> 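Following this message is one structure expressed as structure tokens.
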Amino acid sequence: MTSHLKKVELHCHLEGAAPPALTAAQAQKYGVDISAELRDGAYVWHDFASFLECYDKVSEVYKTEEDYALLTETYLDELAGIDTIYSELIVSPDHGKRIGLGADAYISGICEGIRRAREKSGIEARLIVTGERHFGPESVIGAAEYAAKAGNPLITGFNLAGEERMGRVADYARAFDIARDAGLGLTIHAGEVCGAFSVADALDAVRPSRIGHGVRAIEDLDLVTRLADLGTVLEICPGSNIALGVFPDFASHPLRRLKEAGVRVTISSDDPPFFHTSLKREYELAAGTFGFSDAEIDAMTRTAIEAAFVDDETRKALLARI
Ligand SMILES: Nc1ncnc2[nH]cnc12
Ligand SMILES: [Zn+2]
């Protein structure tokens, strides 16, 4: 039972959190045929590449500023309902551009959703702008430039998501330089679909304070030591890793081994309904399947706040609530 624990989430893709029922209603509203991607209330995909395709198709039924406000408010309300005090949402202004809404309207809708949710429950949230690796370095640089120039106090981080097998991290280093120079926090998907080399690449080329997943670092014990020595925080999403077949089962998932090796680990849900999970379930898995005590789970939540892309005053206020 973890319902009595305060929760924090550092790694959730906004469109990846879209509830299937809301997506079905949106598709009907816009007359979009989504029957290949959404069947019997569940998203349909069979491997990482088809997951990314399904994700992009689902994203297409969220079209207006108000659609994005509603999606954001819905997800943050769900989080607040399980005692989540802080959430970082991974968002893609490029997607706003691609669907013709525009990056500013996309972000403005999301910020309105944050405002509405915060007013009801007090939940605090920030945005991590992401580039999508499969759209290539130029597009990722564009996302970084957007985030750097936005001057939006809720945009506090930059990420690289998408097809990890495309190119090497160094190809995207310039985007991270732009984001770093603008004072944004840096995190990057690595060591999820690709092996330990991808985590090493990320450390060498980006020097991020956090890594999304990073779990395949376990394939190289020297690299695990390097992560522990650097204090790099891993945003670990066990349910996602099992759903995508990164590990065959929870018994072989390295969350506990990484923690015991001194790596700073945190728990998140990634794209919850796509992976039949939720932040609530991830906390339950931490307690039940991984056998962590309440104190150990609270320590991971505290690590997440320490690594959050927020100002010191907000960090202090959040830490005081754990
Ligand atoms: N788990 C994941 N890995 C990489 N890119 C993503 N985009 C959405 N979810 C993702
Ligand atoms: Zn992710």
Side-chain angles (χ1 to χ4, degrees), residues 8-20 23 37 43-60 62 71 75 87-96 98 110 126-136 139-140 143 157-169 171-172 175 185-195 198-199 201-202 206 208 210-217 233-247 253 255 265-279 281-282 304 307 309:
V8 164
E9 178 156 78
L10 295 184
H11 188 129
C12 180
H13 301 257
L14 177 60
E15 291 87 350
T23 297
E37 290 81 18
Y43 294 125
V44 182
W45 54 271
H46 58 273
D47 60 11
F48 186 66
S50 71
F51 155 69
L52 289 177
E53 282 168 26
C54 179
Y55 181 99
D56 282 342
K57 181 76 186 184
V58 166
S59 304
E60 277 174 26
Y62 296 87
L71 173 56
Y75 185 60
S87 154
E88 281 180 14
L89 295 169
I90 302 169
V91 299
S92 176
D94 259 8
H95 171 71
R98 274 195 299 278
I110 294 167
R126 296 291 184 273
L127 302 179
I128 301 180
V129 165
T130 194
E132 301 285 343
R133 203 158 161 157
H134 47 280
F135 292 122
S139 139
V140 175
F158 185 72
N159 200 337
L160 178 64
E163 180 50 83
E164 195 182 346
R165 293 165 290 197
M166 181 156 163
R168 295 290 291 260
V169 177
D171 305 334
Y172 301 87
L186 303 185
T187 178
I188 171 169
H189 284 66
E192 178 192 25
V193 179
C194 293
S198 167
V199 176
D201 275 4
V206 173
R210 302 180 354 206
I211 288 181
H213 303 285
V215 281
R216 289 188 59 185
V233 169
L234 300 189
E235 305 153 7
I236 299 191
C237 312
S240 160
N241 297 153
I242 301 309
L244 283 169
V246 176
F247 303 99
H253 192 284
L255 170 60
V265 296
T266 63
I267 310 166
S268 289
S269 70
D270 207 10
D271 305 278
F274 284 82
F275 303 141
H276 307 286
T277 194
S278 61
L279 187 62
R281 174 169 176 262
E282 298 298 327
F309 299 148

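Counting starts at 1 for both ligands and their atoms, following the listed order. Remember, predicted model here, so these are calculated numbers, not experimental data.
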> Just need the protein heavy atom nearest to atom 9 (N) of ligand 1, so name the residue and atom and give the distance.
D271 OD2, 2.7 Å
> Taking the six-membered ring for Trp, are F51 and F275 closer than 6.0 Å centroid to centroid?
yes
> Apply the side chain to side chain donor-acceptor pair (under 3.5 Å) test between H11 and each candidate in T187, D270, N159; give the one that qualifies.
D270
> Counting both backbone and side chain atoms, is some N or O of G162 under 3.5 Å from an N or O of ligand 1?
yes
> Counting backbone and side-chain atoms alike, is an N, O or S atom of H213 positioned under 2.8 Å from the Zn ion (ligand 2)?
no
> Identify which one of I188, V199, N241 satisfies the side-chain contact (heavy atoms from CB on, under 4.5 Å) criterion when paired with H213.
N241
> Which N, O or S atom name in D270 marks its closest approach to the Zn ion (ligand 2)?
OD1
> State whether F48 and R165 meet the cation-pi test: NZ (Lys) or CZ (Arg) under 6.0 Å from the six-membered ring centroid, and within 45° of the perpendicular axis.
no
> Using a 4.0 Å heavy-atom cut-off, say whether E163 meets ligand 1 through its side chain, its backbone, both or neither.
neither
> Between H213 and ligand 1, which residue portion shows a heavy-atom distance shorter than 4.0 Å: side chain, backbone, both, or neither?
side chain
> Checking the side chain of S50 only, and the main-chain atoms of H46 only, is there a donor and an acceptor separated by less than 3.5 Å?
yes
> Any N or O of S240 that comes nearer than 3.5 Å to an N or O of ligand 1?
no
> Does F274 reach ligand 1, in the sense of a heavy atom lying below 4.0 Å from it?
no
> Can H13 and F274 be said to form a side chain to side chain contact (heavy atoms under 4.5 Å, CB included), step by step?
CA-CA 11 Å; H13 301 257; F274 284 82; over 6 Å; no
> Starting from atom 3 (N) of ligand 1, what is the nearest protein heavy atom, named by residue and atom, and what distance separates them?
E192 OE1, 2.7 Å
> Which N/O/S atom belongs to H189 and is the closest one to the Zn ion (ligand 2)?
NE2
> Examine distances only and state if a side-chain atom of E164 and a backbone atom of G191 form a donor-acceptor pair shorter than 3.5 Å.
yes
> Taking the basic N atoms (NZ, or NE/NH1/NH2) and the acidic carboxylate oxygens, is any pair closer than 4.0 Å for E235 and R210?
yes
> Output yes when the distance from some N or O of ligand 1 to some N or O of E132 is under 3.5 Å, and no in every other case.
no
> So that I can check it, does any N, O or S atom in H11 come closer than 2.8 Å to the Zn ion (ligand 2)?
yes
> Could you check atom 1 (N) of ligand 1 against the protein and tell me its nearest heavy-atom contact, residue, atom and distance included?
D270 OD2, 2.7 Å
> Determine whether a donor-acceptor pair (N or O, by modelled atom type, separation under 3.5 Å) exists between the side chain of E9 and the backbone of S269.
yes
> Report the nearest protein non-hydrogen atom to atom 7 (N) of ligand 1: residue, atom name, distance rounded to 0.1 Å.
H13 CE1, 3.4 Å
> Would you check whether Y55 has a nitrogen or oxygen atom less than 3.5 angstrom from a nitrogen or oxygen atom of ligand 1?
no
> Give the atoms of ligand 1, by number and element, whose distance to some non-hydrogen atom of F51 is under 4.0 Å.
8 (C), 9 (N), 10 (C)
> Please confirm whether the backbone N or O of C237 pairs with a side-chain atom of S268, one donor and one acceptor, at under 3.5 Å?
no
